[in-house]
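Let me begin by presenting the structure, written as structure tokens, before commenting on it.
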Amino acid sequence: MWWIFIPYAVMETGYVIMSAILPVRESVEHLSVSLWLDKLFLHPLGPYWYLHTLMLCGLVYLLVDKLAGKRSNTVSVLIILTLCYAVLSACGILSLINALYFTAGVVLRRSSLDFRTFFSASFWALLPVIWLAADETNLNKSTLSGAALTYLMISFLLAVYRCFPDCLKRGLGYIGSHTFVLLVFSPVFTMAVKPLVPVLAFEPTGMLFLCVSLCFCVIGSFAIAWVMDKLNLSRFFWGKAHMLS
């Protein structure tokens, strides 16, 4: 958790400072220590809320699991965990629906089910995905249809993955095993590619912009991590000598 917090703290601090300079949607008028502490620990600004949620949910789960002891069953732990998340949500510190997705992961982790058993690979999953996605009201993670879309897309992508050649699987596996790099650095490039929106506006669906910006974000994020490895900065930022192995 400490080596998630360090990158989070550095990038969130940078985002808060830039929000006071650049005309972004979540801009701040006056920088102060109290504002910085509030954004860092309670109400993160910008796209780094997911790291804040991950750390908070993980620490609460660790605490509940330790206090409950080995004799407590999974149901008891989940009830206490959900109540803790509900209290934090009521205090405005995290989103309850995001915490419940984390809780679903806890259920899967504590069960005997394998990830690929629970998410059964199937090309047929694409049909209900198309049907659900046709209605914008279903594109909401807080609804049952939104949760169903999440499950169905994972099942469909697992089926697609099986068809890839080994070299592509290795490449995608490498990117997947370094997801943390993307979580930390991709927001930098998300902001950087915004000037490309009018340039690529000739393609009306936006898929060209999606593909270009995705490549830009992935390559740029890994380039920063590579430079940090070469400059021996990774041990101070990630807690390991080399992030890209």
Side-chain angles (χ1 to χ4, degrees), residues 1-60 85 87-102 136 139-142 146 175 178-201 206 208-229 231 233-239 243:
M1 284 298 174
W2 175 252
W3 291 110
I4 295 178
F5 177 76
I6 293 297
Y8 161 77
V10 171
M11 300 306 292
E12 177 66 17
T13 299
Y15 195 91
V16 170
I17 294 173
M18 295 305 294
S19 296
I21 301 173
L22 299 177
V24 296
R25 183 175 55 184
E26 298 177 289
S27 59
V28 296
E29 295 183 0
H30 303 289
L31 290 174
S32 65
V33 174
S34 60
L35 173 72
W36 172 67
L37 292 174
D38 176 75
K39 298 304 180 184
L40 187 63
F41 292 103
L42 299 178
H43 309 106
L45 186 68
Y48 291 105
W49 60 265
Y50 43 75
L51 292 178
H52 178 267
T53 298
L54 175 63
M55 289 185 292
L56 198 55
C57 287
L59 289 172
V60 171
Y85 292 154
V87 171
L88 291 174
S89 176
C91 295
I93 299 177
L94 59 71
S95 165
L96 180 59
I97 187 61
N98 292 334
L100 291 179
Y101 273 92
F102 180 90
E136 285 190 11
L139 304 178
N140 186 341
K141 64 185 176 183
S142 303
I175 294 174
H178 295 86
T179 302
F180 191 36
V181 171
L182 298 178
L183 293 178
V184 171
F185 293 134
S186 62
V188 175
F189 297 96
T190 301
M191 297 175 66
V193 297
K194 285 185 177 180
L196 293 178
V197 174
V199 175
L200 301 176
L208 178 60
F209 173 75
L210 183 149
C211 294
V212 171
S213 60
L214 177 62
C215 293
F216 198 90
C217 288
V218 172
I219 295 172
S221 298
F222 275 81
I224 293 178
W226 180 82
V227 171
M228 293 181 70
D229 282 351
L231 296 177
L233 297 176
S234 292
R235 66 178 73 252
F236 306 108
F237 193 78
W238 308 107
M243 184 60 177

Minimal non-hydrogen separation, Ser221 against Phe189, with atom names: N-CE1, 3.5 Å
Heavy-atom closest pair, residues Met1 and Leu54: CE-O, 4.1 Å
Residues that Ser32 engages under side chain to side chain contact (heavy atoms under 4.5 Å, CB included), provided they are two or more places apart: Ser34, Leu35
Set of side chain to side chain contact (heavy atoms under 4.5 Å, CB included) partners for Thr190, sequence neighbours left out: Cys217
Gap between atom CG of Leu56 and atom OG of Ser95 - 0.5 Å precision: 11.5 Å
Partners meeting side chain to side chain contact (heavy atoms under 4.5 Å, CB included) with Ile219 (sequence neighbours left out): none
Close side-chain approach of Tyr15 to Lys39, heavy-atom, < 4.5 Å: no
Gap between atom CG of Leu88 and atom SG of Cys57 - 0.5 Å precision: 8.0 Å
Partner set under ring-ring contact (aromatic ring centres under 6.0 Å, His included) for His178, not counting sequence neighbours: Tyr174
Partners passing side chain to side chain contact (heavy atoms under 4.5 Å, CB included) against Leu233 (at least two apart in sequence or in another chain): Met228, Leu231
Qualifying residue, where the test is side chain to side chain contact (heavy atoms under 4.5 Å, CB included) with Val10 and the options are Phe5, Phe237, Phe236: Phe237
Heavy-atom closest contact (Pro187 atom, Leu183 atom, distance): CD-O, 3.8 Å
Between side-chain atoms of residues 40-48 and protein atoms elsewhere (two or more places apart, or another chain), which donor-acceptor pairs fall under 3.5 Å?
{"from": "His43", "atom 1": "ND1", "to": "Asp38", "atom 2": "OD1", "distance (Å)": "2.9"}
{"from": "His43", "atom 1": "ND1", "to": "Asp38", "atom 2": "OD2", "distance (Å)": "3.4"}
{"from": "His43", "atom 1": "NE2", "to": "Gly92", "atom 2": "O", "distance (Å)": "3.3"}
{"from": "Tyr48", "atom 1": "OH", "to": "Val184", "atom 2": "O", "distance (Å)": "2.6"}

Leu100 side chain near Tyr85 side chain, heavy-atom distance below 4.5 Å: no
Counterpart residues, ring-ring contact (aromatic ring centres under 6.0 Å, His included), relative to Phe209 (two or more places apart): none
Partner residues of Ser89 under the side chain to side chain donor-acceptor pair (under 3.5 Å) criterion, sequence neighbours left out: none
CA sep, side-chain torsions, deciding dist, call: Trp36, Thr13, side-chain contact (heavy atoms from CB on, under 4.5 Å): CA-CA 7 Å; Trp36 172 67; Thr13 299; 2.8 Å; yes
Trp238: side chain to side chain donor-acceptor pair (under 3.5 Å) partners, not counting sequence neighbours: none
Which residues share a side chain to side chain donor-acceptor pair (under 3.5 Å) with Ser234, sequence neighbours left out: Asp229
Interatomic spacing from CE in Met18 to CE in Met191 - rounded to 0.5 Å: 6.0 Å
